[in-house]
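Scroll down for the structure; my scribbles are underneath it.
Residue numbers run from 1 in the order of the sequence given. Computed from a prediction, not measured in an experiment: that's the story for all the values here.
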Amino acid sequence: RGLPKSYRHVNGYGSHTYSLINPSGERFWVKFHFKTLQGIQTITNAEAEAIVAKDRESNQRDLFENIQAGNFPKWSFEIQIMTNEQAKECSFNPFDLTKVWPHKDYPMIKVGVMTLNENPKNYFNEIEQASFSPSNVVLELVFHLIKCYKQEFSHIQMLTDIELEH
């Protein structure tokens, strides 16, 4: 543990529980996990103090410069899935932001790899105005799961666009 060396060297987790619908209309609850493929790296308080004293945007600059140089950071994209039935019987509130779903009950499923391979061309439009809050998802839209193989979802291919729910 320690202070992250850079954004490239930390895992990311979706705080919220998201709803995905398969082609049969079945709803599943999911948690998103992004595990760094660069390895976890940390720095000491003294190192952080020296870095931030010179450049308070050092993490953002590190990410931008690495992408610009072709050193594209990658994260393993993994999800946990819970059925509606499991959510109803769960011993904790699966929608509570402070709860972590036990991996033994809801194992991690590898979906793919997320690669940051391009810097924004218009920072304001592409970054400042972006908001990935569930409250900003249009109510009539849902994110779909497709091609679920085996009952335990050993392989999932994510749909890259959004479809209307009927």
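For Glu57, the CD atom counts as densely surrounded, since its 6.0 Å shell holds more than 12 non-hydrogen atoms of other residues, nucleotides or ligands.
Here the CE-CH2 distance, from Met114 to Trp75, works out to 5.0 Å after rounding to the nearest 0.5 Å. Rounding to the nearest 0.5 Å gives a distance of 7.0 Å between CZ of Phe28 and CD1 of Ile81. With rounding to the nearest 0.5 Å, the separation of CZ in Arg61 from CG in Asn66 is 12.5 Å. Rounded to the nearest 0.5 angstrom, Thr83 OG1 and Arg27 CZ are separated by 12.5 Å. Taking NZ of Lys54 as the start and CD of Glu49 as the end, the distance is 11.5 Å to the nearest 0.5 Å. Atom CG of Asn59 and atom NE2 of His9 lie 10.5 Å apart (nearest 0.5 Å).
Side chains of Ile43 and Lys5 form a contact here, defined as non-hydrogen atoms less than 4.5 Å apart. At least one side-chain heavy atom of Leu97 sits under 4.5 Å from a side-chain heavy atom of His16. Asn11 is listed as a side-chain neighbour of Ile40, based on a closest heavy-atom distance under 4.5 Å. No side-chain heavy atom of Gln80 sits under 4.5 Å from any side-chain heavy atom of Pro107.
Contact detail for Asn119 and Gln68: the closest heavy-atom pair is ND2-N, 3.5 Å. Nearest heavy-atom pair across Ser76 and Leu37 is N-CG, 3.8 Å.
Using a 4.5 Å cut-off between side-chain heavy atoms of Ile, Leu, Val, Met, Phe, Trp and Tyr, with links allowed through other members, Ile51 and Leu3 fall into the same hydrophobic cluster. Hydrophobic clustering of Ile, Leu, Val, Met, Phe, Trp and Tyr side chains at less than 4.5 Å, counting indirect connections, unites Phe34 with Val30. In the hydrophobic clustering of this structure, Leu63 groups with Phe72; members are Ile, Leu, Val, Met, Phe, Trp, Tyr whose side-chain heavy atoms approach within less than 4.5 Å, directly or through other members.
Grouped by direct or indirect side-chain proximity (heavy atoms under 4.5 Å, Ile/Leu/Val/Met/Phe/Trp/Tyr only), Phe92 sits with Trp29, Met82, Phe95, Trp101, Tyr106.
Between the side chains of Thr98 and Asp96, at least one donor-acceptor pair of N or O atoms lies under 3.5 Å.
Aromatic pair Tyr18/Phe32: centroids less than 6.0 angstrom apart.
Of the options Asn71, Thr36, Leu116, a side chain to side chain contact (heavy atoms under 4.5 Å, CB included) to Arg8 is made by Asn71 and by none of the others.
Distance alone, capped at 3.5 Å, places no donor-acceptor pair between the Asp62 side chain and the Ser6 backbone.
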Met108/Lys35 under side-chain contact (heavy atoms from CB on, under 4.5 Å): CA gap, chis, key distance, verdict = CA-CA 11 Å; Met108 301 300 294; Lys35 296 185 179 180; 4.2 Å; yes
